[in-house]
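See below for the structure under consideration.
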Amino acid sequence: MNNGDSLRIAVQKSGRLSEETIELLENIGLRFDGFRNRLMVTSKNFNVELLLIRDDDIPEYVQDGVCELGFVGANVTEEKRTDVNVLRDLDYGTCRLSIAVPKNSGFKQVEDLAGKRIATSYPHLTREYFDKKGINVDIVEISGAVEITPTLEVADAICDLVSSGGTLKANGLTELEPIMYSECQLIQTRKPVDPKKQELIDKFLLRMEGRQKAERSRYIMMNAPEDSLDQITSIIPSLNSPTVLPLADKNMIAIHSVIPLDEFWEVMEQLKEAGATGIVVMPIENMIA
Ligand code: PRT
Ligand code: ZN
């Protein structure tokens with residue numbers, strides 16, 4: 001358990017999630033002094049300390065309450081079968097755990113792998129997948145360089161993480177089927193947390209929410225004929241009423257609003273059709289409800 005006063009967060013020390021996680025923490029206003037060769041760093045302006053460790057250890061440290069929070073891939077948390085709360089899916093570290101076979105193996109579907117050897121660093125997730133399908137396979141647990149095992153004749157197929165697919169290709173493998181999609185997640189311990197630390201967690205989450213909302217939104221400004229205001233207002237999927245400003249040209253107005261990024265293009269097209277001109281779109285730094 002973490003009995004200190006500071007909130008303790010587990011972060012991957014050095015790997016694919018490290019840079020973006022630290023960047024995210026800095027983006028929500030946390031400042032740190034140098035990370036080099038350190039296992040623990042304390043923030044200069046928020047009562048938090050980061051524990052920098054291997055990603056494989058993060059779910060267990062959070063489960064046991066050594067750290068209240070952790071940033072780690074869903075693939076690791078699920079493989080380790082840890083009992084934690086998933087607070088947020090984050091938009092980085094995205095990948096999929098996939099079954100892949102040698103290009104000229106003749107295996108066309110997962111059913112063709114019955115009785116075959118599958119090399120993986122994810123024995124539980126792989127076993128669970130094949131068991132659900134009722135396909136009997138031999139799992140060969142390998143801790144790294146899984147892609148090379150078919151060439152070495154250690155396995156007939158593999159189950160490994162894929163992002164661009166370049167590594168599979170370079171090793172003469174083709175993807176047969178994804179068994180899980182993963183991204184970096186913020187997880188929280190289920191162990192009791194004292195009220196003061198819970199306050200820190202709530203504050204931390206509020207900042208993250210503001211940042212995530214901002215990243216998923218855009219600020220738009222446009223000019224429009226005054227008589228198209230009702231139509232334009234009905235197009236803008238804003239939670240708040242848009243800001244309407246008069247322009248020097250008496251028949252024209254300026255409209256400002258915030259729109260969700262995923263509706264961006266559709267809204268733009270409709271706004272143009274409704275007579276909006278000079279549409280300007282800007283990123284948003286932060287949003288506090
Ligand atoms: O030292 P430590 O144990 O902390 O790090 P690690 O080597 O175990 O993990 P690391 O840093 O490689 O990955 C950390 C996390 O990033 C993973 O647990 C995933 O949640 C996520 N992630 C996202 C990936 C990938 N994309 C990924 N492509 N993890 C690994 N890969 C590997 C994959 O195993 C394969 O070897 O990259 C290769 C394939 O990449 P593509 O782009 O060629 O398909
Ligand atoms: Zn690891």
Side-chain angles (χ1 to χ4, degrees), residues 8-25 35-41 49-64 66-67 69-82 84-103 117-129 139-152 154-188 212:
R8 195 182 288 153
I9 305 178
V11 172
Q12 189 187 22
K13 182 171 175 51
S14 156
R16 286 167 194 265
L17 306 179
S18 310
E19 206 180 304
E20 276 168 284
T21 302
I22 300 299
E23 202 179 290
L24 187 155
L25 294 172
F35 286 88
R36 207 175 314 151
N37 297 327
R38 295 176 54 192
L39 270 181
M40 191 93 96
V41 283
E49 55 193 18
L50 304 184
L51 184 65
L52 303 165
I53 50 180
R54 291 197 58 181
D55 67 344
D56 313 69
D57 298 329
I58 293 175
E60 211 170 317
Y61 271 51
V62 173
Q63 174 182 263
D64 297 347
V66 175
C67 298
L69 300 176
F71 287 87
V72 67
N75 51 304
V76 182
T77 307
E78 292 197 19
E79 173 63 23
K80 303 262 175 202
R81 309 238 178 286
T82 32
V84 293
N85 282 336
V86 175
L87 297 181
R88 296 268 187 292
D89 286 327
L90 307 165
D91 294 331
Y92 62 94
T94 48
C95 56
R96 53 196 188 273
L97 184 62
S98 277
I99 314 275
V101 297
K103 224 174 3 188
R117 297 162 303 166
I118 319 289
T120 186
S121 312
Y122 294 86
H124 289 122
L125 291 171
T126 307
R127 164 71 58 213
E128 188 179 73
Y129 171 80
I139 307 283
V140 182
E141 190 174 343
I142 304 276
S143 59
V146 171
E147 304 89 1
I148 196 76
T149 55
T151 308
L152 299 177
V154 171
D156 304 293
I158 67 164
C159 181
D160 199 13
L161 296 178
V162 181
S163 44
S164 69
T167 305
L168 290 185
K169 211 168 162 200
N171 286 282
L173 300 165
T174 45
E175 205 173 338
L176 217 54
E177 199 162 302
I179 72 169
M180 177 196 176
Y181 288 90
S182 177
E183 59 194 323
C184 188
Q185 295 178 322
L186 174 63
I187 57 173
Q188 180 175 354
Q212 275 194 310

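Numbering of residues begins at 1 and proceeds along the displayed sequence. Both ligands and their constituent atoms are indexed starting at 1 by order of listing.
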In this structure, atom 14 (C) of ligand 1 is nearest to the protein heavy atom D55 OD2, 3.4 Å
Per-atom contacts of ligand 1 with G15, taking only distances under 4.0 Å to non-hydrogen atoms: 11 (O)
Determine whether any heavy atom of E183 lies closer than 4.0 Å to an atom of ligand 1. no
Can you tell if the side chain of E175 reaches within under 4.5 Å of the side chain of R96, non-hydrogen atoms only? yes
Heavy-atom nearest option to atom 42 (O) of ligand 1, drawn from A100, C184, S164: S164
I'd like to check which ligand 1 atoms, numbered from 1 as shown, lie under 4.0 Å from a non-hydrogen atom of G93. 21 (C), 23 (C)
Using a 4.0 Å cutoff against the non-hydrogen atoms of G73, which atoms of ligand 1 qualify? 20 (O)
Is there a donor-acceptor pair under 3.5 Å between the side chain of T126 and the backbone N or O of P123? no
I want to check something: taking the side chain as every heavy atom from C-beta on, are T82 and V62 in contact at a cut-off of under 4.5 Å? no
Ligand 1 to V162, heavy atom cutoff 4.0 Å, flagged ligand atoms 44 (O)
Considering heavy atoms of the protein only, find what lies nearest to atom 39 (C) of ligand 1 and give residue, atom and distance to 0.1 Å. T167 OG1, 3.3 Å
What I want to know is whether G165 and ligand 1 share at least one N or O pair that is separated by under 3.5 angstrom. yes
Just which atoms of ligand 1 are under 4.0 Å from any heavy atom in L161? 17 (C), 19 (C), 24 (C), 29 (N), 30 (C), 33 (C), 34 (O), 35 (C), 39 (C)
To the nearest 0.1 Å, how far is atom 22 (N) of ligand 1 from its closest protein heavy atom, and which atom is that? C95 SG, 3.6 Å
Side-chain heavy atoms of L69 within contact of L186, under 4.5 Å: yes
Nearest to the Zn ion (ligand 2), which N, O or S atom of D56 do we find? OD1
Can you report which non-hydrogen protein atom sits closest to atom 1 (O) of ligand 1, along with the distance? R54 NE, 3.5 Å
Enumerate the atoms of ligand 1 whose separation from the nearest heavy atom of G166 is less than 4.0 angstrom. 43 (O), 44 (O)
Under a 4.0 Å heavy-atom limit, does L168 contact ligand 1 with its side chain, its backbone, both, or neither? neither
List ligand 1 atoms under 4.0 Å from L17, heavy atoms only on the residue side. 15 (C), 16 (O)
Starting from atom 5 (O) of ligand 1, find the nearest protein heavy-atom neighbour and note its residue, name and distance. Q12 NE2, 2.9 Å
So for atom OH, which belongs to Y129, do other residues, nucleotides or ligands contribute more than 12 heavy atoms lying within a distance under 6.0 Å? yes
Which pair of non-hydrogen atoms, one from I58 and one from A10, has the smallest distance, and what is that distance? CG2-CB, 3.8 Å
With a 4.5 Å limit on heavy-atom distance, are the side chains of P150 and L173 in contact? yes
Taking L17's backbone N and O only, do any of them form a donor-acceptor pair with Q12's side chain (distance below 3.5 Å, no angle check)? yes
Test side chain to side chain donor-acceptor pair (under 3.5 Å) applied to Y181 and T94, step by step: CA-CA 8 Å; Y181 288 90; T94 48; over 6 Å; no
N171 vs T151, side chain to side chain contact (heavy atoms under 4.5 Å, CB included): CA-CA, chis, key distance, verdict: CA-CA 8 Å; N171 286 282; T151 308; 5.6 Å; no
Ligand 1 to D56, heavy atom cutoff 4.0 Å, flagged ligand atoms 3 (O), 8 (O)
What protein heavy atom is closest to atom 35 (C) of ligand 1, reported as residue, atom name and distance in Å? E147 OE2, 3.3 Å
Identify the protein heavy atom lying closest to atom 12 (O) of ligand 1, giving its residue, its atom name and the separation to 0.1 Å. R16 NE, 3.2 Å
Which is it for V146 and ligand 1 at heavy atoms under 4.0 Å: side chain, backbone, both or neither? neither
Please check this pair: side chain of E183 against backbone of A74, looking for a donor-acceptor N/O pair closer than 3.5 Å. no
Strictly distance-based, threshold 3.5 Å: is any side-chain N or O of S121 a donor or acceptor partner for the main-chain N or O of I142? yes
Test item: T120 side-chain N/O and Y122 main-chain N/O as donor-acceptor pair under 3.5 Å: yes
Name the closest protein heavy atom to atom 28 (N) of ligand 1, giving the residue it belongs to and the distance to 0.1 Å. S163 OG, 2.8 Å
Any donor and acceptor pair, going by atom type alone, linking the side chain of R16 with main-chain N or O of G93 inside 3.5 Å? no
To the Zn ion (ligand 2), the closest N, O or S atom belonging to D55 is OD1
Judged by atom type as modelled, is there a donor-acceptor pair below 3.5 Å linking the side chain of K13 to the main-chain atoms of R38? yes
For atom 17 (C) of ligand 1, which of the options L52, N75, V72, V76 provides the nearest non-hydrogen atom? N75
Would atom 7 (O) of ligand 1 count as contacted, meaning some protein heavy atom under 4.0 Å? no
